[in-house]
Amino acid sequence: MAFPTLDYNLINKSDVPSALGGQAVQLVHVSKTFVTGSLAAGKVTAVLRMPANTRYVDLYAEADDLDSDGTPALTLDVGIAGVSDTTYDDVDAFLDGSTIGQAGTGGDQVLLQAGAGLFVPVEHYITVTAAVAADTAVEGDVTLGIQCVLGVES
């Protein structure tokens with residue numbers, strides 16, 4: 001028997017609803033506009049606050065062209081940062097050095113390799129970090145589709 005999927009469109013929201021439908025896999029969709037200052041090397045941007053006891057299943061990420069240089073350098077990491085417990089900080093838990101913010105790369109679609117099955121027992125943020133700065137930063141959107149189970153018991 002397959003679990004039902006409940007979709008949420010949480011564009012520019014800071015909270016997700018608590019678990020509905022028991023242990024159902026849920027899709028959280030979020031889009032955030034990145035200003036040029038957010039594309040400096042090492043800059044961590046919180047995109048979405050997630051509840052405690054979340055298990056991650058899959059992730060889809062795509063971005064506008066955020067580096068308009070002829071030979072773009074921008075690479076992005078997608079990870080997590082604990083709200084009050086830094087034990088769960090991992091800026092590249094899901095994507096490490098992705099080129100999704102460069103022209104012509106389209107969106108990366110990834111089955112979480114390092115992060116598949118990741119269970120986070122504390123409130124935390126999904127973060128996007130500029131691992132390598134943009135040569136010529138341009139404001140644009142990063143969009144994430146996160147499949148997860150909310151309210152999991154460890």
Side-chain angles (χ1 to χ4, degrees), residues 5 7-17 25-150 152 154:
T5 299
D7 294 338
Y8 298 102
N9 186 349
L10 299 173
I11 293 175
N12 297 322
K13 300 272 171 119
S14 61
D15 296 306
V16 295
V25 173
Q26 301 180 36
L27 175 63
V28 178
H29 182 262
V30 63
S31 184
K32 181 161 181 82
T33 300
F34 279 68
V35 296
T36 57
S38 299
L39 302 173
K43 178 73 175 178
V44 179
T45 303
V47 175
L48 181 67
R49 189 172 185 156
M50 296 294 288
N53 300 323
T54 299
R55 183 170 310 281
Y56 291 92
V57 178
D58 192 12
L59 177 91
Y60 172 81
E62 67 180 353
D64 293 336
D65 180 6
L66 302 172
D67 188 348
S68 66
D69 192 87
T71 55
L74 178 67
T75 61
L76 299 174
D77 295 341
V78 177
I80 60 171
V83 171
S84 60
D85 184 338
T86 58
T87 305
Y88 295 94
D89 291 351
D90 186 354
V91 296
D92 60 2
F94 304 126
L95 286 176
D96 184 12
S98 174
T99 59
I100 60 172
Q102 296 180 10
T105 59
D108 279 355
Q109 185 170 357
V110 238
L111 288 174
L112 299 179
Q113 295 163 0
L118 176 66
F119 173 73
V120 184
V122 298
E123 265 194 332
H124 58 285
Y125 292 100
I126 300 294
T127 62
V128 174
T129 303
V132 176
D135 282 340
T136 308
V138 177
E139 184 175 308
D141 293 335
V142 173
T143 302
L144 302 173
I146 305 160
Q147 289 183 354
C148 56
V149 179
L150 303 174
V152 174
S154 61

### Query
For Asp89, which residues count as a side-chain hydrogen bond (donor to acceptor under 3.5 Å, both in side chains) partner, sequence neighbours excluded?
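For Asp89, no residue satisfies side-chain hydrogen bond (donor to acceptor under 3.5 Å, both in side chains) once neighbours in sequence are set aside.
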#### Entry: Residue list, side-chain hydrogen bond (donor to acceptor under 3.5 Å, both in side chains) with Thr143, at least two apart or on another chain
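Per chain and number, Thr143 pairs via side-chain hydrogen bond (donor to acceptor under 3.5 Å, both in side chains) with Ser31.
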Is it true that a side-chain atom of [X] and a backbone atom of [Y] form a donor plus acceptor pair closer than 3.5 Å?
X      : Y      : value
Asp65  : Asp67  : yes
Ser98  : Leu95  : no
Thr129 : Ala131 : no
Arg55  : Gly117 : yes

#### Entry: Heavy-atom side-chain proximity of Glu123 to Arg49 below 4.5 angstrom
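Glu123 vs Arg49: side chains touch.
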### Query
By side chain to side chain contact (heavy atoms under 4.5 Å, CB included), which residues pair with Thr45, not counting sequence neighbours?
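Expected list: Lys32, Phe34, Ser38, Lys43.
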### Counterpart residues, side chain to side chain contact (heavy atoms under 4.5 Å, CB included), relative to Thr36 (two or more places apart)
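If we apply the side chain to side chain contact (heavy atoms under 4.5 Å, CB included) test to Thr36, skipping adjacent residues, the hits are Ala137.
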### Query
Is there a side chain to side chain contact (heavy atoms under 4.5 Å, CB included) between Phe94 and Leu118 once you walk through the steps?
CA-CA 9 Å; Phe94 304 126; Leu118 176 66; 3.9 Å; yes
Heavy-atom closest contact ([X] atom, [Y] atom, distance):
X      : Y      : answer
Ala52  : Pro121 : CB-O, 3.2 Å
Ala41  : Ala133 : N-CB, 3.5 Å
Ala130 : Ala40  : CB-O, 3.3 Å
Val57  : Val25  : CG2-CG2, 4.5 Å
Cys148 : Thr54  : CB-CG2, 3.8 Å
Leu74  : Gly101 : CD2-O, 4.0 Å

### Query
When rounded to the nearest 0.5 angstrom, what is the spacing between CG in Asp64 and OG1 in Thr33?
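If we round to the nearest 0.5 Å, Asp64:CG and Thr33:OG1 are 8.0 Å apart.
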### Query
Got a second to check how far Leu144's CG is from Ile126's CD1, nearest 0.5 Å?
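Answer for the CG-CD1 pair, Leu144 versus Ile126, is 7.5 Å.
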#### Entry: side chain to side chain contact (heavy atoms under 4.5 Å, CB included) between Val35 and Glu139, worked out
CA-CA 5 Å; Val35 296; Glu139 184 175 308; 3.7 Å; yes
### Task
Please test Asn53 against Phe119 for side chain to side chain contact (heavy atoms under 4.5 Å, CB included), starting from the C-alpha separation and ending with a verdict.
CA-CA 7 Å; Asn53 300 323; Phe119 173 73; 3.5 Å; yes
### Query
Aromatic ring centroids of His124 and Tyr56 under 6.0 Å?
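Yes, they do, as the ring centres are separated by less than 6.0 Å.
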### Check against side chain to side chain contact (heavy atoms under 4.5 Å, CB included), Thr127 and Val47
CA-CA 5 Å; Thr127 62; Val47 175; 5.9 Å; no
Report, one line per pair, each donor and acceptor closer than 3.5 Å where one atom sits in a side chain of residues 75-84; sequence neighbours left out.
residue: Thr75; atom: OG1; partner: Val132; partner atom: N; Å: 3.3
residue: Asp77; atom: OD1; partner: Gly97; partner atom: N; Å: 2.6

